[in-house]
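Here the structure is a predicted model, which means the values were calculated and not measured. Just so we're on the same page: letters track the sequence lines, and every chain starts at 1.
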Amino acid sequence: MSADILRFALAYAQIALILALALACWRMLRGPRAQDRVLGLDTMYINAMLLFLVIGMGNGNVFFFEGALVIAVLGFVTTVSAAKFLMRGEVIE
Amino acid sequence: MEIILALAIGVLVGSGVWLMLRPRSYQVIVGLCLLAYGVNLFIFAMGRLYIGAAPIMPKGGFVDPTAYADPLPQSLVLTAIVISFATTALFLVVMIAARGATGTDHVDGKERGRDE
Amino acid sequence: MVAQNLLLLLVLAPFVSAALAATLPIGARNGECWLAGLTMVLALVVLGVLYPDVAEGGRVIARVDWIDSVGLELAFRIDGFSWLFMVLVAGIGFLVILYARYYMSPEDSAARLYACLLAFAGAMSGLILSGNIIMLVVFWELTSLVSFLLIGYWYHRQDARDGARMSLIVTASGGLCLLVAMILIGQIAGSYDLETVLISGPQITGHKLYPVALILFVLGAFTKSAQFPFHFWLPNAMAAPTPVSAYLHSATMVKAGVFVLLRFHPALGGTVEWFQIVTGIGLATMLLGAVIALFKHDLKGLLAYSTISHLGLITALAGIGTPLALIAAVFHIVNHAVFKASLFMAAGIIDHETGTRDMRRLSGLARVMPITATLAIIASGAMAGVPLLNGFLSKEMFFEATYVWNNGSPLDNAAPYIAVLAASFSTAYSLRFIVKVFFGPPATDLPRHPHEPPLLMRLPVAVLVAICVSIGLFPQFVLGNLLETAGLALIGPDLPHFSLKIWHGVNAPLIMSLIAMGLGIMIYCLPRRTINSGEDGTRLMRKLDIARIYERAMRVLTQRLPRAALRILSANGLQAQLRAVVLLTLAAGWFALRHLDWNVPLPEMRSRELVFALLWIVGGACAIGAAWQAKYHRFAALILMGGAGLVTCATFVWLSAPDLAVTQLLVEIATTTLLLLGLRWLPKRDEEIAGDRNLPARIRRFRDLLIALTCGAGMTAMALAVLLTTPGASVGDWFLRNAYVEGGGTNVVNVILVDFRAFDTFGEITVLAVVGLTVYALLRRFRAAPESTERPRPQLDAEEQALEAYLFVPAVLMQWMFAPIITLSAYLFFRGHDLPGGGFAAGVTLAVAILLQYVAANVRWVEARLTVLPIRWMATGLTVAAAVGAGSWLFGYPFLTAHAQYLDLPVIGKVPFSTAMLFDFGVFALVLGAIVLMLIAIAHQSLRVAPRPRRPASKEAN
Amino acid sequence: MNDALSPDHLIIAPILIPLVAGAIMLFYNDQNRQTKLMMGLAAVALTFIASLELVADVKSVTEQGGTVVGLYPLGNWPVPIGIVLVLDRLSVMMVMLTALLAGPSLIYAAAGWHGKGQHYHSMFQFLLAGVNGAFLTGDLFNLFVFFEVMLAASYGLMLHGSGPERIRAGLHYIAINLAASLLFLIGVALIYGTTGTLNMADIGRALYWLDGTDRLLFHAAAGFLGLAFLIKAAVWPLCFWLPPTYAAASPPAAAIMAIMTKVGIYVILRLSLLVLGPDAGPSAGFGAPALMIAGVLTMAFGMIGILGTPELARKGGYLAIISSGTVLAAIGFAQAGGGPMMLGGALYYMVGSTAAISAFFLIAEPVSRGDQGSDTAQTPETEPDPLSESWAPMGLDTVEDVATPASTRTVSWLTMAVCFGLVAAMLAGLPPLPGFIGKFAILRGAVEDNLSHTGALPAILWVYAAMLILSGLGALIALMRFGIRRFWAEAGPTPRILALEVVPAVILLAMIALQTLRADALLSYTRATAVALLEPATYRDAVLKNAQDVRAAPVVNLAPEQPGNEVEVDP
Amino acid sequence: MIGRVIPHPVLSAALVLMWLCLTAFSLGHLLLGTLISLVAGWAVNYLHPPRPRFRRWSAIPQLAGIVLIDIIRSNIAVARILTLGPDHPSYHSGFIELHLRLRDPNAIAVLAIILNGTPGTAWLEYEHQDGRLLLHVLDLRSDADWQSLIRDRYETLLMEIFE
Amino acid sequence: MRHLETLPPWAAILIAVFVMIGATMTLLGGLGIVRLKGYYQRLHAPTLGYSGGTGLIILASMLMFSLLEGRWIVHELMIGTFIMITSPITLLMLGRAALRRDRDAKLGHDEIVPPMLRAPVMPQPDEASATAPAPAAAPPDRPHR
Ligand code: NA
Ligand code: NA
């Protein structure tokens with residue numbers, strides 16, 4: 001019973017998150033401006049992180065926690081670099 | 001699952017090859033990165049696909065190896081990731097150095113049809 | 001034993017002397033002359049001592065080991081024939097050395113000349129004395145090489161260089177043909193030993209490969225002895241100093257060709273092919289050489305063509321191959337060597353004294369240098385075949401051979417006529433030489449005033465002419481025994497009796513001789529004015545100048561054609577090269593898998609497949625998008641590529657590879673930042689690239705698209721093919737079973753990396769180190785393109801604020817993250833062995849922490865506060881990894897043997913400890929150093945190219 | 001040779017000595033170039049001594065009847081679990097050759113080139129480590145790793161000194177090699193996917209059991225690997241990168257990179273005979289025709305190239321291509337059953353020609369110096385140094401690169417001319433130099449082992465023999481043309497050449513001379529090597545002697561019974 | 001002395017907590033975590049960042065509660081807006097400019113986190129010299145409303161904590 | 001997925017609800033990022049995933065693993081904490097970058113944005129443009145789209 005509920009919930013969550021990922025990707029592909037793409041990528045990162053957590057819950061193990069943690073702690077670096085590039089024309093000055 | 005991953009590898013490799021054959025060094029570097037993704041997935045696929053069976057073992061005991069993902073391709077991919085990162089960095093630097101030295105970002109250091 | 005050693009001495013002595021000669025001072029002419037002369041005398045003495053051994057068909061064989069395993073032994077063998085030849089080499093060599101002492105001017109390097117002459121004598125001796133047919137080729141090629149140096153002696157002259165080049169190419173190529181021929185012959189005969197080969201005649205001539213071997217063999221012989229159509233190099237080689245010409249083109253170099261023809265006659269001769277080829281070419285050469293010689297104005301040119309003609313005569317005799325013909329050939333070899341050497345020397349004296357060799361300018365020299373003239377006239381008589389001189393006798397024998405021998409072929413029938421015709425031309429040019437140079441009115445426009453040369457310079461000529469006369473008068477006495485000895489060696493005990501007599505009665509050869517002489521005088525007299533006044537040769541001859549044809553052919557074959565072919569066959573552009581790689585890969589894949597049986601089941605579509613498919617619709621879109629945008633929208637392509645990387649990463653998570661996910665993520669971050677750092681240095685892509693939309697460009701893109709699609713499809717097919725097979729037992733299974741028990745960790749992937757296959761990791765970090773160093777070294781010399789040197793526009797814009805204003809809040813937050821990221825790095829490091837993580841992940845994480853500080857502030861700000869010493873970290877990392885690996889030696893185990901143990905610490909309890917962790921620390925240190933080095937090296941470029949004003953640190957520190 | 005408990009640590013010395021030397025050099029600032037040079041020379045000398053000792057070992061072992069092998073199980077893991085280094089006649093010969101080439105190159109670099117950029121000596125040592133690793137490893141993926149070490153170092157050395165020409169050539173070189181590396185990876189992956197192992201000997205064993213799809217996939221893998229190695233070995237049409245790269249590289253770098261094409265050849269030799277050799281069942285001889293044809297075409301292309309290119313250093317590249325083609329074709333013949341004689345000759349030829357090509361690159365630059373007749377590859381070193389920053393951030397030393405030209409005083413133009421002539425004669429295959437001996441041994445083997453009793457020789461062998469002769473002739477003509485122009489025709493002042501630039505060429509020539517004098521010993525060695533290579537079963541048996549059964553369960557069960565710890569799997 | 005060994009006590013404590021959360025609450029990990037946090041603290045000290053001074057710890061939970069509630073409320077509000085679609089007339093978004101009294105960089109950073117973490121408000125630009133802030137608000141009601149909202153709900157508390 | 005069966009039903013329902021709402025919030029954020037018209041509006045959309053989505057899913061995960069392991073599993077809190085800190089950084093940077101680009105006349109205006117907040121001490125535009133290099137010298141930029 002509880003397994004069925006959870007299985008459904010997790011499957012739903014996976015589909016929802018992957019759809020969210022796809023939507024973010026659509027924005028990334030579509031643009032129209034460079035900042036839109038970066039925003040899309042950043043959103044994809046977070047969605048992927050949540051997906052990792054949900055997959056981990058489905059598997060019942062914590063092996064993907066590190067992946068999620070790395071996104072949480074370091075995922076922003078890409079975005080920050082990209083944004084700084086847009087803002088200043090170079091990443092490190 | 002298998003067919004999706006195979007198609008994914010195909011798309012990555014196809015895009016990578018197309019870019020690798022382009023004339024701008026930046027295209028080539030993006031192509032090499034995409035190719036690296038595709039090849040890494042390919043190596044990974046050689047261990048066959050397992051879901052929910054990460055090769056992290058219980059402490060000791062007899063285990064059934066068919067119930068876990070093959071760890072060896074994973075370790076090969078890890079090495080390959082690192083090496084492709086290194087070579088990407090190198091190629092990048094050579095690319096910008098070439099642009100500085102030749103004035104163009106064409107892979108041959110000169111625009112097509114223009115002699116030195 | 002003594003004889004063997006003497007034989008070896010015969011070969012070795014000239015080489016040793018050559019080495020000595022090369023070390024003498026450049027100007028030591030007398031010393032050189034003594035050294036060389038004594039060497040030759042020594043050789044003659046040795047030959048004299050050896051004569052009893054070779055008389056009566058005897059032989060001496062000496063062997064020195066060299067490369068026995070492939071049949072290359074330094075075997076030397078002397079018999080009557082080679083003995084006679086050696087006497088020529090040493091005897092004429094001695095005279096040439098004496099002559100050269102006076103001929104060469106003090107400015108010429110005596111050391112080089114004598115060293116080369118001696119080396120040449122050694123090579124020639126080796127060739128003649130070789131008892132191994134491959135060694136014969138070795139010395140053969142050595143003669144070509146040394147003659148190259150000799151002909152090019154006056155290398156400041158264009159003609160010397162051209163002549164040297166031409167002779168080397170022609171004769172060395174022939175030598176290579178000879179090599180293959182010898183290999184085939186040796187194979188057929190079963191040995192490279194000359195003795196064996198010489199008795200394997202029937203075996204060789206009956207073999208299927210005989211024609212091939214024969215053709216290759218005669219190619220070698222003909223190129224060397226300047227047979228038509230390879231004769232052209234010889235006249236060009238006349239650019240050599242006269243002593244060299246006298247030596248090379250009378251007794252040695254060119255005679256090597258006829259030497260091997262005669263030597264190998266028992267093995268290869270006696271067949272129709274042999275006769276047709278050898279005699280045919282010989283007669284043709286004889287005639288052609290004689291005709292051209294008549295038209296030459298250069299004394300040495302005349303002698304050169306005469307040499308060609310006489311070599312043709314000997315070749316023709318070798319082709320006929322009857323015992324008497326062979327005897328005649330040997331006889332003529334000796335005679336020609338003697339009179340031609342003297343003539344060359346005489347020509348050299350004339351050149352030396354008058355300053356010219358042009359017969360149109362020379363005249364009446366008999367009056368000013370009577371002795372030389374007398375000698376030259378006698379020698380010319382020998383060349384023309386005048387009775388009572390040695391040339392007459394061998395020419396008679398030649399006529400007899402052509403006349404008597406009959407195998408009924410057209411060539412055989414024509415031979416006597418050709419012989420007579422050629423002989424008449426021979427008479428004609430000899431006559432012209434004598435008359436034009438020594439008689440007539442005294443010359444008026446000579447560069448120098450001629451008089452008799454020094455006695456010692458004339459002496460060699462006199463000696464040779466004396467030999468000519470003595471052979472001509474007393475042939476049997478002077479040469480009979482020696483010829484018989486040589487004949488015994490060549491033909492064996494079947495040698496028919498012969499005697500050398502001046503008078504055989506009125507017979508066909510005598511009549512042929514008389515006709516030839518008469519005809520020769522007529523030929524000389526009729527067109528003599530045209531000959532003397534005109535250019536070299538007739539118009540036809542000039543048109544058919546093979547040397548020019550050769551030169552043109554060489555220019556086309558070795559310069560223009562290769563250049564054109566290189567353009568067609570090679571690709572300089574990277575695209576074409578990569579396309580070749582890709583196409584060949586496709587071809588290889590297709591070739592290997594063309595019979596693959598495709599049986600792909602339809603995929604099921606459950607929710608998990610749906611999710612995965614959606615994931616890869618995203619990933620594929622990103623990849624294709626990146627490919628689409630990379631040309632004009634680099635930034636977009638980079639971001640899209642990041643998307644594809646993220647999806648790859650999610651795939652690793654999905655498919656149970658947590659370590660890969662973590663590493664891929666970290667590398668993704670580092671790569672994207674690196675590429676962003678690089679973007680600044682690429683040109684602005686603000687307009688359409690020229691010609692990007694025209695048809696050829698479209699076609700190129702379409703073609704590449706097809707290639708790319710095929711590659712993608714191929715990879716899909718291969719991946720699927722593997723995925724649909726069930727795996728057998730693999731090493732991976734063993735790792736799963738044993739990682740914890742044997743490796744002491746539960747994260748099998750990490751245990752593999754730091755223990756089972758730690759050596760891979762060791763190599764991998766070395767790669768990272770090297771790349772870091774390379775990046776650093778390359779950027780040390782980085783030069784930006786002019787338009788990239790100024791600061792990017794956003795920073796220059798008047799409206800813009802300073803960086804600190806922009807990043808006031810984010811910078812604070814990014815600095816906040818510094819410590820947590822360090823902690824995360826430690827976390828990843830310590831977890832590695834049991835759960836995802838490890839030294840690599842930790843290293844990248846820490847590098848990103850440092851990078852972030854650079855992004856948050858600027859280079860100067862960070863470096864005023866933080867010193868990382870990346871190269872030191874790299875060195876430490878590598879050294880630690882190596883030291884940990886080597887630590888196992890202390891316990892007698894191989895490199896990188898890991899040791900894991902639980903340490904029982906007082907308060908904390910059991911703590912796992914493994915040497916693998918120390919190794920992982922090495923990895924960590926190196927990765928940190930390398931990545932920081934790369935990032936910083938790129939980041940520094942902005943500063944280097946466009947130095948910024950320093951801002952007061954207090955303001956930043958707040 | 002030793003029992004499993006005390007392995008012969010010397011086997012790993014050729015990898016570790018340069019690697020550690022390179023690492024320790026990094027502790028020093030690049031100002032201490034002389035120190036680094038001394039360390040480098042010491043490392044090379046030690047490596048050479050180690051290789052001498054190893055050769056002695058191998059010879060004593062093989063003289064007692066064995067054909068292989070020293071095994072060095074890294075981490076003490078048995079085959080095929082861990083990585084194993086395998087010492088046999090071939091690998092130790094290549095290791096020794098590497099050490100022999102390294103010394104002269106290093107001395108030459110000391111003439112000034114090592115000062116034209118950063119960390120030359122470390123990268124040089126890493127290159128040696130990579131090359132030796134590639135020669136010694138018995139594991140396919142480890143081979144990839146060492147290939148990458150070698151390539152990464154070669155990128156660094158190739159770009160050493162920078163300048164537009166080098167960078168432009170370097171971009172191509174790197175791009176092509178990255179593509180090759182990807183191919184390599186695909187091949188390795190496919191091999192693991194089909195055979196489940198990475199140990200070369202074990203792959204050969206596993207191949208026996210493959211059927212159907214697996215075998216076809218294995219063939220595809222072999223094809224991809226082959227292509228990857230052929231790119232490195234510079235076979236036509238995958239060799240266009242080589243001449244510009246080697247010409248643009250600094251001479252000492254090019255001289256040591258001469259060994260790199262041979263690494264590709266080594267691997268092809270090793271794998272094609274070990275895995276796809278005569279006893280490989282349905283896979284026997286797979287790829288052999290391709291090797292033969294490609295080899296012959298490569299020789300032809302090299303000949304065209306050497307004649308068609310005006311620049312001397314590029315000619316050196318084409319010489320390397322000819323040398324590659326010659327050996328590759330011989331490997332193809334050997335794989336197809338052409339007999340050990342030819343292969344033995346080819347190996348001998350490879351040793352000699354590699355040394356000569358190395359010498360050629362060392363000679364090419366000094367003799368082309370100041371040459372007006374052809375385009376000089378060298379970038380002007382007089383440009384102002386671009387570095388304007390004078391502070392030392394992050395501990396990165398800012399030693400200014402040496403800006404003076406490499407040479408300051410003349411020693412001997414004549415010596416160079418003589419060296420050039422000898423090297424040219426050697427490469428043209430003129431007797432009595434090893435080029436001739438090698439070609440002769442090949443030809444003799446070709447005829448002796450392949451001539452049928454009817455007297456027929458396969459057409460491809462005829463073509464090969466013709467190319468063997470013609471390529472030498474082409475080299476002769478091209479080099480003679482250059483030599484005559486440069487040393488004879490051009491009067492005027494001769495360039496200044498340092499003693500340090502002459503000495504390495506002389507050393508290499510001395511090696512060549514020694515190889516001529518002791519040709520019998522070396523040829524016997526290479527012949528025996530060829531015989532051993534053609535008996536892959538012996539190698540396999542030796543490597544797999546103490547192999548671990550991968551199905552084995554752990555000996556002890558240490559499981560602390562923890563129900564919560566058990567991982568449950570949803571298949 | 002303590003200041004030199006533990007230059008950033010609050011930070012180090014937080015790191016120890018982080019370490020324990022990530023690993024396990026055991027003595028061994030406490031020791032290891034402490035060691036690592038000390039090392040991290042030293043590393044941070046090299047950057048000499050503006051050191052936060054916490055004047056009123058007690059206000060922190062209060063602020064956290066407020067923020068939590070606001071985030072939940074905003075989440076619901078924004079979710080509603082997003083379901084409405086882009087052109088729905090019931091909301092309109094726009095820029096607003098505010099004035100901040102906060103001067104402490106750390107406090108401002110916390111405020112930035114709060115405003116950005118709360119759906120519906122985005123911190124765009126801040127001028128430190130005169131404390132002006134440009135926000136973008138998804139559902140804009142009135143300018144004054146926002147100015148006072150932020151001042152009352154967050155800024156005051158933040159100033160109590162940090163200044 | 002046998003571990004799921006060991007959970008009590010209340011927990012299962014709670015976890016399911018958390019996970020589903022969290023995922024839905026994230027999906028809504030995704031929808032917003034696609035559907036909203038202006039960039040600054042879109043900037044708000046992912047916040048839903050950053051805050052609501054992350055929070056709920058973390059809670060669900062902590063609950064689930066704590067129950068499964070029978071002890072407190074709190075490491076997911078770290079994810080939440082760091083998302084709290086880092087997502088504002090990205091939004092700050094992105095918002096600021098977008099503002100600069102929208103104000104940049106050469107890149108073209110997609111959206112009307114307020115003028116720069118300028119501190120009184122900042123140089124006046126006129127002076128600044130006089131000291132800045134001539135715009136003609138710099139090649140025209142093109143937006144990185
Ligand atoms: Na498995
Ligand atoms: Na917000």
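C:E609 has its side chain within reach of B:M1: a pair of non-hydrogen atoms, C-beta onward, lies under 4.5 Å apart. Side-chain contact between B:R99 and C:S788 is present, with at least one heavy-atom pair separated by less than 4.5 Å. Put simply, the side chain of C:L660 reaches to within 4.5 Å of the side chain of B:I81, judged on heavy atoms. Residues C:V749 and B:L78 are in side-chain contact: their nearest non-hydrogen atoms beyond the backbone lie under 4.5 Å apart. Contact of the B:F85 side chain with the C:L674 side chain is registered, since non-hydrogen atoms from C-beta on lie closer than 4.5 Å. No side-chain heavy atom of B:I9 sits less than 4.5 Å from a side-chain heavy atom of C:T716. Residues B:I96 and C:F782 are in side-chain contact: their nearest non-hydrogen atoms beyond the backbone lie under 4.5 Å apart. Considering only heavy atoms from C-beta on, B:R24 stays 4.5 Å or farther from C:L682 through its side chain.
Of all heavy-atom pairs between C:L736 and B:P65, the closest is CD1-O, 3.4 Å.
Judged purely by atom type and a 3.5 angstrom limit, C:S656 uses its side chain to pair as donor or acceptor with the backbone of B:Y50. Using a distance-only test at 3.5 Å, with no hydrogens or angles considered, no donor-acceptor pair links the side chain of B:S75 to the main chain of C:L753. Side-chain atoms of C:Q575 come within 3.5 Å of backbone N or O of B:L21 as a donor-acceptor pair. Within the 3.5 Å criterion, the main-chain N or O of C:A627 finds no donor-acceptor partner in the side chain of B:S15.
For the side chain to side chain donor-acceptor pair (under 3.5 Å) test, residues two or more places apart in sequence or in another chain that qualify with B:D108 are D:H172. When the side chain to side chain contact (heavy atoms under 4.5 Å, CB included) test is applied to B:T102, the partners found at least two apart in sequence or on another chain are B:T104, D:R168.
Neither the backbone nor the side chain of C:T761 has a heavy atom closer than 4.5 Å to any heavy atom of chain B. When heavy atoms are compared at a cutoff of 4.5 Å, C:L709 does not approach chain B at all. Only the side chain of C:V582 has a heavy atom closer than 4.5 Å to any heavy atom of chain B. C:A721 does not touch chain B: none of its heavy atoms, backbone or side chain, sits under 4.5 Å away. With a threshold of 4.5 angstrom between heavy atoms, C:Q577 does not approach chain B through any atom at all.
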Item checked: Verdict with supporting geometry, C:R634 and B:D105, salt bridge (charged side-chain N to carboxylate O under 4.0 Å, His left out) -> CA-CA 12 Å; C:R634 297 197 192 99; B:D105 63 340; 3.1 Å; yes
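The ring pair (Phe, Tyr, Trp, His ring centres under 6.0 Å) analysis of residues 17-37 of chain B, with sequence neighbours excluded, yields no pairs.
A donor and an acceptor atom, one from each side chain of B:T79 and C:R757, are nowhere located under 3.5 Å apart. Judged purely by distance below 3.5 Å, without hydrogens or angles, the side chains of C:T726 and B:R48 never pair a donor atom with an acceptor atom.
Interface residues of residues 763-770 of chain C toward chain B, defined by a heavy-atom distance below 4.5 Å and sorted by number: C:E764, C:V767, C:L768.
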